[in-house]
Amino acid sequence: GFFVWRLRNTGIPQIPCRFVHLHRVANDRLITFQYFNFLKRMYVTQCNKDLSQRAKPKSDSIVSPFRELQQLDQEKKVVYKISPVSPVHQSWSETSSRNELREVKSAAETEDSVIPVGGESREDRRWKEMKVQLDDLPGILARLSKIKLTALVVSTASAGFAMAPVPFELTCFLFTSLGTGLASCAANSINQFFEVPFDSNMNRTKNRPLVRGQISPLLAVCFAASCGIPGIALLTLGVNSLTGALGAFNIFLYTCCYTPLKRMSIANTWVGAVVGAIPPIMGWTAATGSLDAGALLLGGILYSWQFPHFNALSWGLREEYSRGGYCMMSVTHPGLCRRVALHHCFALIGLSTVAPVLDITTWTFPIISLPINLYISYLGFRFYRDADRSSSRKLFFCSLWHLPMLLLVMFTCKKSVLEKEDKGDLRGGSHEMALEIRLP
Amino acid sequence: MAAARVLRPGGCRRPLLLSSASFSSSSSSSAASGGGSAAERGEQPDSAGLGFRPPAHSHSDWIGPPDKHSNLRPIIFYVPPEESALERRLREARQEAQASNQRFWARHNRAFRQEKEEFIYSRLKAKGLEMRDESGQKATLNAEEMAEFYKDFLTKNFKKHLQYNRDWYKRNFRITFLMGQVALVRALRWLRRRKKSVEQ
């Protein structure tokens with residue numbers, strides 16, 4: 001990383017003189033501490049003198065540092081899927097509180113029939129030259145490919161790889177991770193390419209690169225192609241063709257099915273859940289070369305997890321969905337929304353119990369995971385019964401730590417290969433038969 | 001500064017006029033042609049309504065802050081002095097798409113605003129409450145009551161969104177394809193020029 005001195009207006013009147021120190025880390029996250037007000041004034045004066053409003057020398061990727069600070073907290077809230085619900089993660093609490101504020105404020109604005117999409121900073125109100133700045137490009141591409149989400153997708157694929165009952169191969173693991181990451185970047189870029197006017201109208205997504213004109217659609221598509229093609233090629237040639245096929249299928253499912261379906265039917269949520277379930281399956285098939293019950297179980301766990309996660313999140317974004325034209329259960333079928341979330345919480349308990357039956361984990365796994373599964377089911381029940389903002393928020397935030405913890409427990413309870421070989425004699429035919437099929 | 005701004009012959013800007021609901025493509029083309037003739041007269045056309053004029057030396061498009069009604073960012077397109085037919089087609093496609101998007105979202109957001117107000121008003125009236133409570137604050141409905149409005153609004157506008165989606169996807173593909181063509185032609189031209197300069 002490198003240190004960047006940023007001069008900005010905090011927008012917080014009660015703290016007039018603060019010092020800004022921004023540390024830019026590799027993945028483009030900024031941690032703000034304080035602000036230098038006098039430096040800001042100097043910069044603003046210079047800017048005003050220059051009537052041509054030349055583009056700022058430093059990249060202006062962030063809107064308001066204070067909001068960035070809030071966003072950082074939310075960034076930790078991970079989403080284990082290639083995408084889904086447009087209003088996933090990040091400024092969730094921000095959006096909901098802003099929504100509430102807007103509800104009160106908008107009623108007061110009678111002559112001004114405007115729907116503000118969140119607050120704007122001074123940066124936002126400037127005209128900018130639409131020329132790609134090379135030193136901004138990495139940050140722009142990172143945001144275009146939703147790099148944090150991609151990282152999470154890669155980690156679920158790694159979880160699938162790790163859970164596979166085969167000796168660990170480092171090169172295969174690295175190829176899988178890289179290939180999955182590239183495929184995810186491609187899919188996310190195409191998604192943003194398709195959604196520009198809709199992203200402009202929703203608070204969480206209005207600062208995306210294509211919306212702000214920081215990159216042209218052509219460049220976005222070229223970037224997607226230059227990530228997707230090598231990524232799938234790497235998976236197909238460097239790992240195995242099954243994993244490559246799954247990766248390509250997932251890109252197609254996400255960009256050509258899920259993205260347009262979001263605006264046509266509530267079925268998009270189920271499609272999105274499948275999209276999220278495929279990466280761990282890919283990890284498993286990369287390690288073992290075959291699509292067996294263990295892969296499907298892991299996929300099933302990710303699939304079921306999507307529902308309490310997304311349905312709870314979407315509960316607070318109903319206004320934005322309604323205005324943006326997104327067909328989501330929370331808007332059109334609220335009862336179904338809560339029911340589905342609850343049912344899938346129960347399904348998680350069931351799937352955790354099936355894991356030892358399939359010889360993926362020991363029996364300690366369902367026992368240790370029962371408390372967290374019961375807790376999320378309890379919150380799911382509360383959400384089902386109360387149907388209010390606080391229960392939906394509780395369920396959403398629970399889902400954020402529930403998944404990593406579940407996967408971690410699963411990994412620690414993984415049935416070792418040696419144990420399985422012992423058991424192999426007992427299980428007899430089916431095991432050997434599986435081996436026979438795999439050998440050429 | 002102003003002198004420099006009064007223009008160099010040739011290059012000019014075709015700004016896109018933005019107005020709220022009653023925008024029509026005919027007015028946009030007349031504005032563009034008006035701007036064009038202004039350029040021929042050697043004047044910088046005013047980016048009417050946008051309050052911004054890009055610097056004369058800049059050869060790229062400029063993008064502005066989000067529009068109040070549509071939340072879309074307007075673009076002022078740069079018109080190079082020797083604009084080829086292909087480049088003109090691209091620019092016009094982009095202008096048209098921008099105008100169409102602006103029209104749609106401005107109208108849509110305004111409708112949302114208005115209908116939401118009406119809904120709140122009718123509900124408050126049914127409850128026997130006033131628009132403003134004792135403290136003078138505007139009365140609001142809670143999320144569950146508003147949910148009915150959101151569901152209604154979404155279902156009512158469903159067909160409209162389907163139509164817009166189809167339209168948007170078509171335009172987006174066409175514009176990106178044209179961009180690709182323009183980029184390719186420019187790249188070939190540049191390569192040809194380099195070959196010529198190398199040979200010389």
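Letters A, B, ... mirror the listed sequences (proteins, then strands); counts begin at 1. Please read all numbers here as calculations on a predicted model, not as lab measurements.
Counted within 6.0 Å of NZ on B/K170, heavy atoms from surrounding residues, nucleotides or ligands total 12 or fewer; the atom is thus considered open. Within a 6.0 Å sphere centred on NZ of B/K160, other residues, nucleotides and ligands contribute more than 12 heavy atoms. For B/R171, the CZ atom is densely surrounded, since the number of other residues' heavy atoms within 6.0 Å is greater than 12.
Neither the backbone nor the side chain of B/A111 comes within contact range of chain A, judged by heavy atoms closer than 4.5 Å. For B/T176, the parts lying under 4.5 angstrom from a heavy atom of chain A are both the backbone and the side chain. Neither the backbone nor the side chain of B/F104 comes within less than 4.5 Å of any heavy atom of chain A. With a threshold of 4.5 angstrom between heavy atoms, A/V221 approaches chain B through side-chain atoms but not through N, CA, C or O. Residue contact with chain A, scored on non-hydrogen atoms closer than 4.5 Å, involves the backbone and the side chain of B/I63 alike. Contact of A/C327 with chain B is made through backbone and side chain together, with heavy-atom distances under 4.5 Å. Residue contact with chain A, scored on non-hydrogen atoms closer than 4.5 Å, is absent for B/F177.
A distance of 13.5 Å separates CZ of A/R323 from CD of B/E115, quoted to the nearest 0.5 Å. A distance of 10.0 Å separates CH2 in A/W127 from CZ in B/R73, rounded to the nearest 0.5 Å. The CD atom of A/E319 lies 8.0 Å from the CZ atom of B/F149; values are rounded to the nearest 0.5 Å. One finds the CG atom of B/L90 at 9.5 Å from the CG atom of A/L218 (value rounded to the nearest 0.5 Å). Going from atom OH of B/Y169 over to atom OG1 of A/T259 covers 6.0 Å, rounded to the nearest 0.5 Å. Put simply, CZ on A/R263 and CG on B/L154 are 9.0 Å apart, with the number rounded to the nearest 0.5 Å.
Between A/E129 and B/S58, the closest side-chain pair of non-hydrogen atoms falls below 4.5 Å. Residues A/S322 and B/F112 form a side-chain contact, since some pair of their non-hydrogen atoms from C-beta on lies under 4.5 Å apart.
Under the 3.5 Å distance criterion, the side-chain polar atoms of B/K151 are left unmatched by any main-chain donor or acceptor of A/V331. A donor-acceptor pair is defined here as one N or O able to donate and one able to accept, closer than 3.5 Å; such a pair exists between the side chain of B/N172 and the backbone of A/F193. A/N201 places a side-chain N or O within donor-acceptor distance of the main-chain N or O of B/S70, the cut-off being under 3.5 Å.
Between B/E144 and A/R318 a salt bridge is recorded (basic side-chain N to carboxylate O distance below 4.0 Å).
Put simply, of B/L162, B/N165, B/N101, the one with the most heavy-atom pairs under 4.5 Å next to chain A is B/N165. The most heavy-atom pairs under 4.5 Å with chain A, out of B/Y164, B/F153, B/W168, come from B/W168. The candidate from A/M264, A/M130, A/K131, A/H333 with the greatest count of non-hydrogen atom pairs under 4.5 Å with chain B is A/M130.
In terms of heavy-atom proximity, B/W105 sits nearest to A/G324 at CH2-O, 3.9 Å.
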